[in-house]
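Computed from a prediction, not measured in an experiment: that's the story for all the values here. Just so it is clear, the values below take in all heavy atoms, side chains as well, and ignore hydrogens, waters and symmetry mates.
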Protein chains: 4
Amino acid sequence: MGRMIIQGGIIVSSEDAVQADLLIEGEQIAGTLAHAVPRPDDMIIDASGLLVLPGIIDAHTHIQLDTGIYQTADNWEIGSKAATAGGVTTLIDFANQIKGKPFADALAARQAEAAQSSIDYAFHMVVLEPPHNIKQIEEDLESLLGLGIASIKLFTTYRPNYHLDDAQLWHIFRAMPSNMVAMVHCENDSLVTDATQRLVEQGKTAWTYHAESRPEEAEIEAINRVITLATLPVGRSKVYIVHCSASHSVFDVKQYRDEGYEIYCETCPQYLLLADSVYAGDKPEHFILQPPLRHEDNRRCLREFVQAGMVDVISTDTCDYSLAQKQANADFTKTPGGLPGIETLFPLMYTLFCDELGEPVTKIANLMTASPARIFGLYPRKGALQVGSDADVVLYDPEPEGTISHKDLHYVADYSPYEGMRVKGKVQMTISRGEIIYRDGQFLGKPGRGRFVPGQVTS
Amino acid sequence: MGRMIIQGGIIVSSEDAVQADLLIEGEQIAGTLAHAVPRPDDMIIDASGLLVLPGIIDAHTHIQLDTGIYQTADNWEIGSKAATAGGVTTLIDFANQIKGKPFADALAARQAEAAQSSIDYAFHMVVLEPPHNIKQIEEDLESLLGLGIASIKLFTTYRPNYHLDDAQLWHIFRAMPSNMVAMVHCENDSLVTDATQRLVEQGKTAWTYHAESRPEEAEIEAINRVITLATLPVGRSKVYIVHCSASHSVFDVKQYRDEGYEIYCETCPQYLLLADSVYAGDKPEHFILQPPLRHEDNRRCLREFVQAGMVDVISTDTCDYSLAQKQANADFTKTPGGLPGIETLFPLMYTLFCDELGEPVTKIANLMTASPARIFGLYPRKGALQVGSDADVVLYDPEPEGTISHKDLHYVADYSPYEGMRVKGKVQMTISRGEIIYRDGQFLGKPGRGRFVPGQVTS
Amino acid sequence: MGRMIIQGGIIVSSEDAVQADLLIEGEQIAGTLAHAVPRPDDMIIDASGLLVLPGIIDAHTHIQLDTGIYQTADNWEIGSKAATAGGVTTLIDFANQIKGKPFADALAARQAEAAQSSIDYAFHMVVLEPPHNIKQIEEDLESLLGLGIASIKLFTTYRPNYHLDDAQLWHIFRAMPSNMVAMVHCENDSLVTDATQRLVEQGKTAWTYHAESRPEEAEIEAINRVITLATLPVGRSKVYIVHCSASHSVFDVKQYRDEGYEIYCETCPQYLLLADSVYAGDKPEHFILQPPLRHEDNRRCLREFVQAGMVDVISTDTCDYSLAQKQANADFTKTPGGLPGIETLFPLMYTLFCDELGEPVTKIANLMTASPARIFGLYPRKGALQVGSDADVVLYDPEPEGTISHKDLHYVADYSPYEGMRVKGKVQMTISRGEIIYRDGQFLGKPGRGRFVPGQVTS
Amino acid sequence: MGRMIIQGGIIVSSEDAVQADLLIEGEQIAGTLAHAVPRPDDMIIDASGLLVLPGIIDAHTHIQLDTGIYQTADNWEIGSKAATAGGVTTLIDFANQIKGKPFADALAARQAEAAQSSIDYAFHMVVLEPPHNIKQIEEDLESLLGLGIASIKLFTTYRPNYHLDDAQLWHIFRAMPSNMVAMVHCENDSLVTDATQRLVEQGKTAWTYHAESRPEEAEIEAINRVITLATLPVGRSKVYIVHCSASHSVFDVKQYRDEGYEIYCETCPQYLLLADSVYAGDKPEHFILQPPLRHEDNRRCLREFVQAGMVDVISTDTCDYSLAQKQANADFTKTPGGLPGIETLFPLMYTLFCDELGEPVTKIANLMTASPARIFGLYPRKGALQVGSDADVVLYDPEPEGTISHKDLHYVADYSPYEGMRVKGKVQMTISRGEIIYRDGQFLGKPGRGRFVPGQVTS
């Protein structure tokens with residue numbers, strides 16, 4: 001069978017960028033060569049002038065989400081297809097524990113949905129209700145490792161379905177295997193519930209009030225609490241703080257990390273590109289999400305913290321609601337929260353950090369490739385272009401200038417929070433396990449070709 | 001009218017110890033003199049060889065406490081009488097907010113009870129239910145200042161009556177006048193409830209399990225959370241962490257203080273003298289209190305932190321339950337929590353720190369005189385022996401050696417948690433506003449002679 | 001013999017300010033009284049409306065200084081007389097080691113000069129040449145304690161006479177008795193020599209270049225080095241950094257102090273009131289001193305650090321050169337360095353901190369009374385008004401407004417660096433050991449009445 | 001021309017270890033392949049079971065050193081040959097400024113000597129005497145970049161030839177291009193001179209006293225001073241602290257680094273493997289070096305700091321004196337300081353950290369490959385195995401167990417400080433720019449084939 005040779009591009013790893021040919025055999029990377037000598041049946045892809053990156057990993061997505069109240073408009077076929085247009089080849093999404101059932105059931109159910117994916121995927125397990133018995137918590141969490149689940153997701157808010165109380169969190173932290181990572185959604189439930197209720201009482205439920213309902217202090221407090229619980233004497237757990245919206249959150253995480261704890265933090269393009277002034281604009285409903293957008297000054301500081309290396313992962317927290325869903329009720333308490341964004345993830349971050357702020361592409365790509373792959377145990381199968389890695393590759397042309405328009409995008413939502421933003425470069429080709437699934441604007445993949453990728457964290 | 005001259009003692013202030021005569025006229029200190037020349041009608045008290053200290057302030061007491069479930073066995077007549085035998089001349093106790101009523105009502109009700117006191121008293125106001133309206137919280141707290149209440153007490157545990165949720169705490173911190181102090185009982189309610197319930201489920205309700213029901217992590221977490229809430233951007237409040245049982249708590253308070261926040265911390269003789277090994281002993285019920293006693297190592301470290309100046313106040317958190325009450329149910333969940341101790345406060349602390357550990361008496365006395373008086377706005381009326389201060393004076397003979405026996409003590413409880421402990425020195429005389437109310441083992445005061453002392457903190 | 005009663009003033013200690021009568025008998029404070037009843041032969045001094053402070057201590061002076069190159073224009077008679085007009089009752093000056101002779105000789109020689117003083121004095125011993133033998137260093141330093149010398153002075157600059165090299169400093173730090181304090185003049189000799197020489201080479205020796213010759217980095221580096229040497233494993237010495245001119249110096253001292261080391265720092269009125277813009281003015285020679293004045297921003301920050309409690313002592317570093325001496329050579333390398341200022345110390349600091357910046361007088365007076373007295377082992381004989389303290393008292397009228405004019409001042413120098421500055425309040429009376437030595441502008445003391453006060457630090 | 005295929009080894013980079021074939025064409029790495037298909041003229045090297053590493057870089061060597069007093073016994077032919085036996089393919093050695101001449105002359109002279117090297121080399125420029133004129137310092141240092149010198153070496157000790165005073169250091173730090181690195185030998189000259197002289201006075205010049213002559217405090221002080229000078233306001237320089245012998249030094253460097261400064265630190269095998277107890281042994285002269293060996297406890301802590309990632313580079317500081325030279329004078333002040341060690345560098349560090357302490361080989365190899373290459377601007381030409389890198393490769397067999405014996409080693413010195421130490425694994429082959437120069441114990445290289453590699457740091 002023929003091989004694939006990606007010729008003459010700049011191969012970008014988390015450390016280096018080097019001009020070379022990339023050789024793919026079957027589903028895997030077979031080599032990196034100064035000059036690969038083609039055989040007759042090799043497929044040659046000219047990558048001159050292009051960046052050749054490991055396929056992008058979006059480590060925090062909510063494809064085909066059913067919150068119990070809202071269902072996103074997408075499904076795995078649609079969502080994964082849109083992802084390919086953004087160079088994304090791996091989604092790490094969530095399986096929600098089915099209360100009273102083993103984790104395996106939740107995983108099976110979610111895998112059944114994801115079976116329609118055209119790209120690979122892994123899962124974080126959302127722990128909705130840890131067993132009361134602590135030995136049982138240990139066993140259940142241990143069992144996840146055998147299922148290929150290396151990370152769990154915990155919520156400090158969203159009563160009654162998602163919220164875990166402090167004792168539950170503490171037991172989980174102490175029961176977790178040492179090679180498991182706990183992702184935590186940090187917002188103090190008491191503070192956000194109270195702030196929301198006060199707005200409701202005053203009739204201030206218009207979308208424009210959304211940000212007030214979830215003050216950044218709620219996020220900061222919860223982060224400090226979660227890390228305190230996770231690092232108190234017995235429970236030195238690995239913790240990953242999702243979607244930090246406040247720069248102060250990232251700062252606090254750094255403080256703990258400097259003390260020697262293994263704490264990671266994530267932010268998202270929305271917090272780096274948008275600010276709360278949009279809530280006073282004419283389309284506030286486009287920007288309903290939790291946590292909400294923050295002040296312009298915060299955005300600037302958050303960018304600097306990314307530049308300073310204080311953020312581990314940039315992911316999207318994508319929820320692909322349609323505009324109709326967003327607009328169904330002119331009431332932020334009844335509007336589904338979450339923004340679409342998988343497709344625009346890498347182009348926007350490349351534009352912001354590499355084109356505008358001058359950061360090297362190795363550093364920024366790392367936040368969406370090797371870094372999440374390492375944290376969630378997919379490395380080096382995903383997130384790398386080394387021999388034996390899955391041949392997930394993006395060819396990114398750094399030159400073209402464009403503008404974000406939802407009309408050009410492939411997800412369901414008929415709007416983009418980044419509408420009209422300038423974008424530098426574009427995804428020219430996306431390859432998943434050696435198969436070209438996106439090329440020059442054409443989706444070439446097939447629903448169902450994606451596979452589940454088990455995670456395994458070492459150490 | 002004649003004056004009182006206390007001759008030849010060592011007058012101890014928070015800074016100095018100097019041999020001199022102390023002159024009292026009426027209810028106030030009239031002077032400190034090298035040699036006061038007596039007039040014919042002056043009362044002369046020979047204090048040679050004695051320490052002459054400002055009357056001890058116990059800044060955290062629960063006289064005649066009604067928790068809603070238990071009532072302590074004492075009342076203000078009894079409690080204040082016992083206090084005099086320990087050189088205590090001021091009690092700072094609590095008035096519990098009456099839900100739905102103005103704070104003034106709570107104060108009036110509590111003052112009616114305290115009217116039987118033979119020594120002076122002030123109050124912290126326990127906020128059980130802040131008004132929903134934030135402006136109203138501000139006004140209510142502001143009103144306290146006019147009532148002579150400079151400090152409030154907040155609970156993070158004891159549902160349903162005492163517990164405040166995080167939003168309530170945050171609103172209070174932001175609404176507080178800048179010259180008010182918030183005392184906080186810090187134990188994570190979720191953690192202690194869970195730990196307790198697990199013991200109950202296992203039938204482990206014998207007293208011996210008490211300490212397990214309230215892990216020190218619950219205290220540490222709550223302290224960090226409370227300080228985070230109190231110091232987040234808008235709400236830079238003065239916070240006073242009551243009864244720190246874990247040395248780690250004191251360490252964390254210091255960290256925040258080093259960052260420039262105004263945070264105080266208190267510990268109690270029980271945490272400095274006792275350890276959790278008593279729960280395995282033959283009288284575990286004697287030691288039921290919240291937070292419980294900790295490990296021996298913790299006690300040692302806590303002592304060192306007091307010596308290092310990291311603790312602001314030593315108080316007793318006295319609850320004077322009878323042994324019968326303690327023993328009514330051989331079940332820690334049904335046993336009233338709290339130890340007696342006002343009478344032994346100063347002698348035990350003098351013995352530990354000055355006699356055994358070699359600290360100067362000025363430093364240790366300060367923690368029970370000037371320091372609490374300053375923090376709670378009673379200084380220099382209380383806590384000092386300067387001209388114009390209330391003539392509250394203790395004469396302490398540092399020489400005699402004795403042993404604690406509950407038979408010699410004056411409170412109701414027919415046991416002492418410190419039974420059999422060595423004590424160096426004894427209170428020889430206690431003077432309250434110029435009146436000798438205790439002398440050589442005889443109580444000479446009168447119920448009802450005590451007065452309410454308004455607090456006023458200058459920020 | 002009659003007593004002295006200072007009636008109705010506000011008696012200021014380092015902790016409190018209270019209205020009372022102060023009673024003096026003979027040379028000592030005999031008491032503080034609400035109302036002292038006069039006897040017929042008592043001298044009554046009406047202090048209504050006045051602040052009654054412990055006599056000011058100037059902990060860093062150079063009276064009748066002979067540097068080997070320059071001699072100040074004053075002598076002990078003149079200098080001490082001027083001091084009384086500023087409420088100063090104790091000078092802590094320096095005795096310079098006589099190389100090759102015992103410290104006792106140096107002390108005796110200096111005491112002979114100081115015998116003309118009208119106020120009390122103590123000495124720091126300047127170590128110019130520690131013996132080579134380390135045992136001998138230990139013995140020599142130990143011997144100082146017996147001579148009533150509790151502090152030594154070390155120089156990191158001024159070759160060849162004063163400079164000690166790092167090995168000498170380190171040996172001294174390790175050899176010092178634990179109850180001795182090492183004052184250190186911190187300027188990196190290499191940096192200041194180099195900067196000076198470069199200016200000389202360029203012919204830039206006009207006074208206006210003075211500040212450039214001693215960059216603040218030289219001070220900061222030397223402070224860090226000295227503290228490193230003093231706190232390295234074996235040698236945990238008490239160190240007192242003299243005349244911090246750079247706010248960054250004070251910040252660094254605080255960092256080390258937070259780590260638990262016993263490090264003190266001092267600044268002077270010149271660094272708090274003046275800035276380097278004067279070197280571009282028309283009287284640059286008035287401001288030649290080492291270290292030089294710094295940038296205006298530094299002055300602001302230094303004030304804030306005093307307000308934040310980060311400075312231990314304010315002293316003058318007085319050198320009373322005449323204007324003729326200052327102007328003899330229009331060359332900063334040949335101009336004697338040092339400013340006069342004992343007389344204006346307290347009034348200027350009171351004006352700045354209490355009148356303009358709103359600090360309480362207790363806090364500021366402490367920096368010139370109890371604090372230096374404690375650090376240098378004179379407390380409570382000096383720096384306090386407690387029974388048995390030397391009756392050194394200043395009566396300060398806080399009301400009058402005036403302007404500094406060298407014509408009103410009593411030292412030799414016929415200029416003042418503070419000429420024309422507004423001053424709030426004035427010294428009305430100065431009492432030394434019970435004797436009025438200054439009253440309403442009249443000097444009433446006698447040369448030679450001053451006494452040597454031995455220092456003894458209790459560690 | 002034929003290629004070289006290294007088949008089936010574990011290719012180790014600073015991030016990953018992956019089994020693959022490594023392809024070399026000419027002098028460069030041509031690719032990494034799952035399975036390289038050989039052509040008839042390819043040379044096939046079987047690397048099954050072997051580690052395939054980038055050639056080791058010894059970033060701190062003194063080949064053919066002439067200190068002015070001593071000359072090492074080796075020369076570039078011998079030294080580079082010995083290096084190959086240790087898998088070392090790049091030496092970063094020093095060119096000493098020739099006083100009064102341009103840096104280019106020093107480089108030319110040193111290059112003439114190094115022309116006999118069989119492996120590649122780069123140079124740090126030792127600044128012995130910076131020009132007085134600061135503009136000139138800037139220009140001279142700037143000129144180094146054009147010569148391919150990216151790092152300078154500065155000494156705080158060794159008067160009169162090497163020592164720079166603080167002003168010189170400060171000027172250099174401020175004048176340095178931002179993409180230059182200053183390596184500094186940190187020992188306080190005053191402290192080591194003094195300690196040495198005191199030993200001399202006491203006749204304690206036997207080798208056994210060597211460690212006492214250079215106390216670790218001298219190192220720690222100098223490091224703090226150098227970093228203070230390098231990071232004071234104007235001069236934020238990159239500093240690299242050479243041969244940290246004291247763990248406290250590494251700790252202090254970390255503190256500064258946490259504050260955001262770009263400070264690197266290096267240690268050496270001798271400080272990780274040996275302790276000062278050898279000075280009491282029967283061959284103390286084998287261990288004369290500066291700084292000397294420290295206490296056993298220090299060694300343990302230093303190892304842990306390497307494991308914690310606090311050290312950037314491990315190099316040897318090799319000085320290849322013969323035993324005859326070492327033993328010529330039984331006087332440590334007359335014994336040339338420095339140990340041989342290039343050949344044993346990687347095997348000993350692999351044994352210690354990977355075999356005994358369980359660290360991954362990627363992490364440890366990084367300290368001797370990519371990390372120094374990056375810091376000194378040789379990356380990715382050296383220190384990496386990526387396409388286009390120089391084909392400098394080591395094949396290390398991790399299995400064999402052996403024992404260090406100087407008889408097996410190839411440098412001049414007829415002893416090894418590590419004599420008798422267990423070693424796990426051995427260098428099987430060393431390749432330099434595509435040429436096998438060492439194989440199975442045989443040196444196959446040619447003197448003079450080595451080339452100068454210019455350094456260029458991208459800041």
Side-chain angles (χ1 to χ4, degrees), chain B residues 3 5 7-39 42 52 54 254-255 257-260 304 308-310 360 362 366 369-371 373-374 379-381 383-389 391 434 458-459, chain C residues 3 5 7-39 42 52 54 254-255 257-260 304 308-310 360 362 366 369-371 373-374 379-381 383-389 391 434 458-459:
Chain B
R3 308 172 307 173
I5 298 173
Q7 275 184 339
I10 304 294
I11 301 181
V12 175
S13 75
S14 60
E15 295 217 316
D16 299 300
V18 59
Q19 179 162 350
D21 295 351
L22 187 70
L23 183 68
I24 295 171
E25 282 195 49
E27 299 200 336
Q28 295 185 312
I29 300 297
T32 305
L33 287 151
H35 300 289
V37 182
R39 302 179 199 158
D42 286 347
V52 179
K254 182 183 187 311
Q255 299 291 95
R257 195 144 49 182
D258 281 351
E259 293 173 27
E304 289 169 357
M310 291 161 61
T362 48
N366 180 49
T369 55
S371 178
R374 286 176 197 276
Y379 191 89
R381 180 168 168 186
L385 294 178
Q386 64 183 53
V387 167
S389 294
T458 53
S459 83
Chain C
R3 307 170 308 172
I5 299 173
Q7 275 185 339
I10 305 294
I11 300 180
V12 175
S13 75
S14 61
E15 293 217 317
D16 300 301
V18 60
Q19 181 163 348
D21 294 352
L22 187 70
L23 185 67
I24 295 170
E25 282 195 48
E27 299 200 337
Q28 295 187 312
I29 300 296
T32 304
L33 287 151
H35 300 288
V37 182
R39 301 179 198 157
D42 286 348
V52 179
K254 182 185 187 311
Q255 299 291 97
R257 193 145 51 181
D258 282 351
E259 292 173 28
E304 289 169 359
M310 291 160 62
T362 47
N366 180 49
T369 55
S371 178
R374 287 177 196 276
Y379 191 90
R381 178 165 169 190
L385 294 178
Q386 63 183 52
V387 168
S389 295
T458 54
S459 82

For C:Glu27, the side chain to side chain contact (heavy atoms under 4.5 Å, CB included) test, sequence neighbours excluded, returns C:Arg433, C:Arg451
Taken in chain and number order and not counting sequence neighbours, the residues that satisfy side chain to side chain contact (heavy atoms under 4.5 Å, CB included) with C:Gln19 are C:Ile10
Select, from C:Ile29, C:Val37, C:Asp16, C:Ile11, the one with the greatest count of heavy-atom pairs under 4.5 Å involving chain B.
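Counting heavy-atom pairs under 4.5 Å, the top option is C:Asp16.
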In short, B:Val387 meets B:Gly31 closest at the heavy-atom pair CG2-CA, 3.9 Å
Checklist entry - Is it the side chain or the backbone of B:Glu15 that comes within 4.5 Å of chain C heavy atoms, both, or neither? => result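 Its backbone and side chain both get close to chain C.
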Looking only at B:Ala36, B:Ala30, B:Gly260, most heavy-atom pairs under 4.5 Å shared with chain C are made by B:Ala30
CG (B:Leu385) and CD (B:Gln28) are apart, to the nearest 0.5 Å, by 12.5 Å
